Amino acid sequence: MNWSTRAAALAGAATHRHSRWAPAVAATPRHLFVPRWWERGSDGWELHDGPSDPHRWLDAAYRDTSLVTRVGPLHADHATEADRPHGRPTSSATLPSLVVGMFQHARINEGDRLLDVGTGSGYGAALAARRLSDEQVTSVDVDLYLTEAARKRVGEAGVAPTLDTIDATGDLPYEPASFDRIVATVSVRTIPESWLRVLRPGGRLVTTIAGTSLLVTAEKDEDGGATGRVEWDRAGFMHARHGDDYPPGAAVRLAKTAELDGDEVTRGPYPVVDVANAWDLAAMLDIEAPGIEHEYREDGEQRVALMAHADGSWARATATGNERPTVHQGGPRRLWDALDKVRDYWLSNGELPVRGARMDIMPDGRTFLGRGKWSVELS
């Protein structure tokens, strides 16, 4: 199978030609890491089997795009053509340009020891081991099957980083200051204390804040904490999970939201918005009111936005075109009011104070964004 020409083209698409990561991308057979994958169809997720359609396999594997490899608890490797899972994606092969971008934000030097959090398909760990060396790269994932499959596939690709099955948000079985760099391709709400323990003073970590598109970098201080910032780049990763699947309930809550009358019915001051795809708005809202689930629908000129939270709060806004919406809300909090508060701030100040914001991480992992008039502790 002639994959090398395609890998070279992928290197050109995912990196710039003078990047030190370009040779690693060009030399790594990405198709080995995604023999089967899921694509969303009209009747749930649809399975694709690479070896049975080699041309499509290579086309998919060497595009700069993410490929979903696990939906809910069902890995594509274990599925049949008849399976149509309807859950949330729980693992993927991340688009190479984003993997490389995360590594570039880490400012990795030749002798650095790297902890790669979120093994997934194993492709990122393979790139890092090829760029550095096997001995310098350790990759962890909570999913035993993923680490076992990745170990086989990185070997087939000609590298052998250390792969461990660990929930990286808990204790880590490594000596203090074991790593110079930590790069996470799963998102976390606050920085785990264990990451700070295994990162050397002066070492750098890169991750994303769960529920947002915020990519953050920080360098460890001598006191055991870390100081950093929200980068201007955007990135989105799956939340770090602690078991076989994410907790259930979000889809059920949103479905109920579409039918409830509400404790309060008002007219909103702003047009209905697809919050999940308005990245800075979504990020700011999730910092102010974390844990909200969103759904947005359009039917001709009719627009509907649904919001729900595990505490029982919910909101539904409906409108025709850009008219002011009718807003139904219920539960202990008014979620649409929280959204309007963020939009008020945006209109008054011309921007939201998230990109470029300072980040302070205490030695116990407590994480603060911003300073002065706008400062918030993540939770």
Side-chain angles (χ1 to χ4, degrees), residues 1-3 6-7 9-11 13-14 25 28-102 118-127 141-143 145-146 149-150 152-153 156-157 185-187 208 213 234-241 244-246 248 250-251 254-255 274 276-277 279 282 293-299:
M1 183 178 289
N2 183 12
W3 59 268
R6 292 174 182 259
L10 178 59
V25 175
T28 302
R30 188 177 185 234
H31 67 283
L32 294 181
F33 296 89
V34 280
R36 308 179 102 205
W37 68 97
W38 297 104
E39 288 185 6
R40 195 185 295 274
S42 58
D43 183 28
W45 294 86
E46 297 177 356
L47 181 67
H48 293 278
D49 180 74
S52 65
D53 190 349
H55 183 75
R56 183 171 192 166
W57 188 14
L58 293 180
D59 281 351
Y62 294 99
R63 288 198 311 268
D64 188 28
T65 189
S66 294
L67 296 174
V68 173
T69 55
R70 194 175 187 273
V71 174
L74 184 58
H75 200 289
D77 290 352
H78 303 147
T80 69
E81 290 186 4
D83 287 319
R84 291 290 186 274
H86 288 269
R88 295 166 60 185
T90 48
S91 190
S92 70
T94 302
L95 66 158
S97 61
L98 182 52
V99 175
V100 169
M102 295 292 283
T119 304
S121 71
Y123 178 72
L127 290 183
D141 201 291
V142 71
D143 191 312
Y145 175 74
L146 291 179
K152 176 178 179 291
R153 290 164 185 169
E156 292 172 349
T185 51
V186 293
S187 63
T208 50
S213 60
R234 294 171 172 83
F237 290 101
M238 298 173 193
H239 293 205
R241 56 185 170 88
D244 205 37
D245 197 357
Y246 297 114
L254 287 168
D274 182 1
N277 287 306
W279 282 21
E293 299 284 345
H294 301 275
E295 184 176 324
Y296 177 78
R297 307 170 184 170
E298 286 188 9
D299 183 6

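Just so you know, these numbers come straight off a predicted model, no measurement behind them. Below, all heavy atoms of this structure are taken into account, side chains as well, without hydrogens, waters or symmetry copies. For the single chain, residues carry numbers from 1 onward in sequence order.
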Compare all side-chain heavy atoms of [X] with those of [Y] and state whether any distance is below 4.5 angstrom.
{"X": "Arg70", "Y": "Asp244", "result": "yes"}
{"X": "Trp37", "Y": "Val68", "result": "no"}
{"X": "Arg36", "Y": "His48", "result": "no"}
{"X": "Ser91", "Y": "Asp143", "result": "no"}
{"X": "His78", "Y": "Asp83", "result": "no"}

Of all the heavy-atom pairs spanning [X] and [Y], show the shortest one and how long it is.
{"X": "Pro96", "Y": "Leu10", "result": "CG-CD2, 3.9 Å"}
{"X": "Asp274", "Y": "Tyr296", "result": "OD1-CB, 3.4 Å"}
{"X": "Asp245", "Y": "Thr90", "result": "OD1-CG2, 3.4 Å"}
{"X": "Thr28", "Y": "Ala126", "result": "CG2-CB, 4.2 Å"}
{"X": "Asp64", "Y": "Ser97", "result": "OD2-OG, 2.7 Å"}
{"X": "Ala235", "Y": "Trp279", "result": "N-CZ3, 4.3 Å"}

Notebook entry, point to check: Is there a donor-acceptor contact under 3.5 Å from the side chain of Ser66 to the main chain of Leu95?
Noted result: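 Side chain of Ser66 to backbone of Leu95, a donor-acceptor pair under 3.5 Å: yes, one is there.
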
Notebook entry, point to check: Where the side chain of Thr94 meets the backbone of Val99, is there a donor-acceptor pair that is under 3.5 Å apart?
Noted result: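 The answer is no, because no donor-acceptor pair under 3.5 Å joins these two groups.
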
Next item on the list: Test Val71 against His86 for side-chain contact (heavy atoms from CB on, under 4.5 Å), laying out the working first.
Entry: CA-CA 8 Å; Val71 174; His86 288 269; over 6 Å; no

Next item on the list: Before giving the answer on side-chain contact (heavy atoms from CB on, under 4.5 Å), spell out for Thr119 and Leu146 the whole-Å C-alpha distance, their side-chain angles and the decisive distance to 0.1 Å.
Entry: CA-CA 7 Å; Thr119 304; Leu146 291 179; 5.7 Å; no

Next item on the list: Please say whether more than 12 non-hydrogen atoms of neighbouring residues, nucleotides or ligands are located less than 6.0 Å from CD in Glu298.
Entry: yes

Checklist line | Tyr145 versus Asp77, side-chain donor and acceptor atoms under 3.5 Å | finding: yes

Margin query: Is there a side-chain contact (heavy atoms from CB on, under 4.5 Å) between Asp59 and Arg6? Walk through the geometry before answering.
Written below: CA-CA 8 Å; Asp59 281 351; Arg6 292 174 182 259; 2.6 Å; yes

Check: On the ring face of Phe33, is Arg153 found with NZ or CZ under 6.0 Å from the centre and within 45° of the axis?
Finding: no

Checklist line | Parallel, tilted or perpendicular: ring planes of Tyr62 versus Trp3, cut at 30 and 60 degrees | finding: parallel

Item checked: Euclidean distance, Met238 CE relative to Arg88 CZ, rounded to 0.5 Å ->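 The CE atom of Met238 is 9.5 Å from CZ of Arg88, to the nearest 0.5 Å.
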
Check: Quick one: CD on Glu46 to CZ on Arg40, what's the gap to the nearest 0.5 Å?
Finding: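 Answer for the CD-CZ pair, Glu46 versus Arg40, is 11.0 Å.
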
Next item on the list: In sequence, state the C-alpha distance, the side-chain angles, and the governing distance for Tyr123 and Val25, and then conclude on side-chain contact (heavy atoms from CB on, under 4.5 Å).
Entry: CA-CA 10 Å; Tyr123 178 72; Val25 175; 3.8 Å; yes

Item checked: Residue list, side-chain contact (heavy atoms from CB on, under 4.5 Å) with Val34, at least two apart or on another chain -> Ala61, Leu67, Thr69, Ala93

